[in-house]
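The next block holds one structure in the form of C-alpha cells; read it before the comments.
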Amino acid sequence: MGIKPRDIIVFLFIWIGLFFTGAYLYFNYNFYAQEGIFLMEKAQLAMRGNPPRLENLGLIYPPLPYLFYLPLAVSSSPIASLIISTFWGALVIALCIRYLRWIPGNTLVKLLITSLMIVNPVFLYVIFAQPSQTLYVLFFVVFVYSFFRFHETRIPYYIVLSGVALGAMSGIRYDTFFLTLALIPFAPFLISETIEFNVVRIFALTLMLVLPTFIVLGSWVYLNWIFAGEPFYFYFSPYSYFKQVSKEMALRPELAQGKGNLMWAIWIVLKMSFLTYPAYYFTLPTIRTITIFVAAFAPIILQIIVIFLGISALSYSWFGVLIPLSIIIMYYFINSPLYRPVYAYVVIVIMAISVYFGYQSLANSVELTEKNFATVLKGEKVKDIFEEELQVAKFLKENTTEKDMILIDDAVGYPIVCFFSSPKQFYLPYQYDYVRVLQQPQFAATYIVVPRPELTVTGFDQLTAMYPDAFEKGFDFTTLVYQTPNWRVYKSQTQQQQIPIEEQ
C-alpha cells in the first residue's frame, strides 16, 4: 500500500503536537534532552569545527544518530533537539496508526491500545529525552513488523526490509551486532517455517537478514582504519562507547553481577522489563508461531546477551521499545482467528496499569533525567541539568573575541561547546594538535575551562587527567576569572584586565 495524503497529515499533526509538548516541558519545567545537546555539539564540530569534517562526529560513536543531527549544526538552543527526536517519535506513532487503519478488527480496541501507547510515560520520555533511542525504537518497529508481514505474505522483500532495519539498528547501538549473531543459527529455521524448504532460497534469505549488520560494522571498521589508523579505534579509544558503559555499570552493582552470570542476567532483564511495561508479557501469548515470537522477543534476547557480556548500562527507559512492539502484536492478534475479545480487554486493562508502572520505574530510577521526567509529570519544576554550563558559555561569549582560543575537553564539556556555538574557538580532543596544546597551553589558549574532577567519573577527560589539581589550583600562568560550583574558567595572565569572579 502506498502512502496516502492522510497518512502524511496524521504524521504532521502528531509531530507538531509532540514538538510543542516538548517545548512546553522545556519552557515551564526546564526539561530537555541531555543526549540531544551531545548530538548537536558533534554536529557543530562536523559542520563548523576546526576544521569542519565528518570524522569530527567522533569515530568512536555509533554513527547514524549523529548523521541525522547534522542539520542542527546551526543551532545551540536546547529546544532544537526536539525537532529531530519528535520527528522520529511521530513516525513511530504514525506507523502504528497506519497498521491500525488497514488491519481489520475491532476499531475500539485498536484505538484504546494506541492511545495507551501515546500516553505511556516511558514512551514519552524516550521521545523527549533519548533521541538515539527513539530512532532505535523506530527501526526496531520496522524490524519486527517486517517479520510479521513476511510470515503473512511470504514475500522476500520483507526479509530484506527486516535486515536493513537490523543493520540500521547496529548503526545506532553497537550491541545490536550480538542480536544479529544470535539470530544466525535460528534464521534458517525461522524462514523455513514460512516458505517451502529450499536450501539455496533459505540461505539467500538468511544472508539478506544478517548481511546489512556486517556491512554497517565493516564500514565503520574501515573508516576507523582510514581516519584513526586503527580499525577497532571505536573500541580501544578511551572515549569508547564500551569504556563509558563499563564505567556506568560500576555505578549499578546489580548489572555488574550479571556479567558472566546468565541466570542473573535473565533475572535482571525480566524484572526491569516487567516493572517498566508488564503489558508486553501479556501480549506474547497471542503469538502462535516461533518466527514472529523470536522477532517480538528480540529486545529481551538482546539485553540478556549484552548484560551477560558486561557491555550494557541498562536503564528502565530502554524498555520503551516494548511499548510500540506490543501494539503491533495486538493489532495482529485482533485480526487473527485466535482473537478473543475478553483477552483483548484484559490486555487493555494491563496496558492502562502499565502507565502507572512506567511512571514508577522512572521515579525510582538511578538516572537523573528519568527521575526528572517523573517529577515533571507531577507538575513540579526541575533544575536545569546544564544550568552551570549555560552560565559558563554565556560568560565566554561575553568576554572573548573571535581571536581568543579556549582549551577544554568535551568529554564532559560538550554542553559548553554547544551553547557557545562557535566551535572553531575551542581546542578539542578530535584535533590532531590537541595533545601538544594540552602539554603547553600557555602558548596557545587564552582561556582554560576546567571541570570539577567528580564530573569526570564516568568519562575520560584528558585535561583533568594531565592536570588533576587544575580545578583547585589552576595554572602558574593563569588567573581564575569565573567559577560555578562545578566549573572554573582560567585566563592567561598576559591578558589585560581580570574579570571579577562570580560568587559561588
Side-chain angles (χ1 to χ4, degrees), residues 11 14-15 18-19 21-22 32-43 46 54 57-58 60-73 75 79-98 117-118 120 122-146 161-177 179-180 212-213 215-217 219-220 234 241 244-245 298-299 302-303 306 312-325 327-328 369-370 373:
F11 164 73
I14 297 170
W15 184 18
L18 289 174
F19 177 81
T21 301
Y32 58 94
Q34 176 178 348
E35 185 194 34
I37 302 303
F38 182 73
L39 294 171
M40 286 170 58
E41 187 249 2
K42 295 303 177 187
L54 280 179
L57 290 173
I60 53 178
Y61 310 113
L64 206 55
Y66 297 87
L67 295 176
F68 279 111
Y69 259 74
L70 288 178
L72 295 187
S75 176
I79 201 173
S81 174
L82 286 170
I83 297 173
I84 302 295
S85 64
T86 56
F87 178 91
W88 294 333
L91 198 52
V92 172
I93 297 171
L95 285 174
C96 289
I97 290 176
R98 188 169 185 270
M117 171 184 68
I118 296 173
N120 188 282
V122 175
F123 185 63
L124 291 175
Y125 169 81
V126 170
I127 294 173
F128 295 136
Q130 297 288 331
S132 64
Q133 180 65 17
T134 307
L135 184 63
Y136 194 73
V137 169
L138 173 61
F139 283 110
F140 226 128
V141 166
V142 175
F143 167 69
V144 173
Y145 168 71
S146 299
L161 182 60
S162 188
V164 170
L166 195 59
M169 288 158 58
S170 66
I172 303 168
R173 293 179 63 99
Y174 290 140
D175 48 24
T176 307
F177 175 71
L179 175 60
T180 302
T213 297
I215 292 174
V216 169
L217 294 182
S219 300
W220 204 236
F234 66 91
Y241 162 82
Q244 299 296 327
V245 165
L302 171 60
Q303 280 305 319
V306 294
S312 175
L314 186 61
S315 63
Y316 286 107
S317 59
W318 190 90
F319 292 108
V321 68
L322 303 181
I323 299 169
L325 295 191
I327 304 304
I328 293 175
T369 52
E370 290 184 356
F373 191 67

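These numbers were taken from a predicted model, which means no experiment stands behind them. The basis for the numbers below is simple: all heavy atoms, side chains too, and nothing from hydrogens, waters or symmetry mates.
What you find for A80 and M40 is that their closest heavy atoms are CB-CE, 3.9 Å. Minimum interatomic distance between L82 and G22 (heavy atoms only, all atoms of both residues): CD1-C, 3.3 Å. Contact record, Q34 with T369: OE1-CG2, 3.7 Å, taken as the closest heavy-atom pair. Of all heavy-atom pairs spanning A73 and A43, the tightest one is CB-O, 3.3 Å.
Annotation: the span from F139 atom CZ to S170 atom OG amounts to 10.5 Å, rounded to 0.5 Å. Here CD of Q133 is found 10.0 Å from OH of Y125. Values are rounded to the nearest 0.5 Å. Here the OH-CG distance, from Y61 to L39, works out to 10.5 Å after rounding to the nearest 0.5 Å. Rounding to the nearest 0.5 Å places CD1 of I14 at 11.5 Å from OG1 of T86. Remark: M169 CE to L135 CG distance equals 10.5 Å, nearest 0.5 Å.
Y69 has its side chain within reach of I84: a pair of non-hydrogen atoms, C-beta onward, lies under 4.5 Å apart. A 4.5 Å side-chain heavy-atom check between V321 and P299 finds at least one atom pair inside the cut-off. At least one side-chain heavy atom of L302 sits under 4.5 Å from a side-chain heavy atom of W318. Contact annotation: the side chain of Y136 never approaches that of P65 to less than 4.5 Å [non-hydrogen atoms, C-beta and beyond]. The shortest side-chain heavy-atom distance between P324 and V137 falls under the 4.5 Å cut-off. Counting heavy atoms from C-beta on, the side chains of F143 and F140 come closer than 4.5 Å. Under the 4.5 Å side-chain criterion, counting only non-hydrogen atoms from C-beta, V216 is not in contact with F177.
Only one option out of V126, I323, L322 pairs with N120 in a side chain to side chain contact (heavy atoms under 4.5 Å, CB included); it is I323.
For the residue pair S132/Y66, the side-chain donor-acceptor check at 3.5 Å is not satisfied.
Applying the side-chain hydrogen bond (donor to acceptor under 3.5 Å, both in side chains) criterion to E370, with sequence neighbours excluded, gives S315, S317, S365. For F68, the ring pair (Phe, Tyr, Trp, His ring centres under 6.0 Å) partners are W88, not counting sequence neighbours. Scanning for side-chain hydrogen bond (donor to acceptor under 3.5 Å, both in side chains) contacts around Y174 gives W220, with sequence neighbours left out. With sequence neighbours excluded, no residue forms a ring pair (Phe, Tyr, Trp, His ring centres under 6.0 Å) with F128. With sequence neighbours left out, Q303 forms a side-chain hydrogen bond (donor to acceptor under 3.5 Å, both in side chains) with S312.
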Just list the side-chain donor-acceptor pairs under 3.5 Å for residues 89-97, sequence neighbours left out, or say none.
none

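Between the S75 side chain and the L72 main chain, no donor and acceptor come within less than 3.5 Å of each other. A distance-only check finds no donor-acceptor pair linking the side chain of Q130 to the backbone of E35 [under 3.5 Å].
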request  = Decide side-chain contact (heavy atoms from CB on, under 4.5 Å) for L161 and V142; before the verdict, give the C-alpha distance in whole Å, the side-chain angles of both, and the deciding distance to 0.1 Å.
outcome  = CA-CA 8 Å; L161 182 60; V142 175; 3.9 Å; yes
message = Determine whether F123 and T134 satisfy the following criterion, side-chain contact (heavy atoms from CB on, under 4.5 Å), listing intermediate values before the conclusion.
response = CA-CA 9 Å; F123 185 63; T134 307; over 6 Å; no
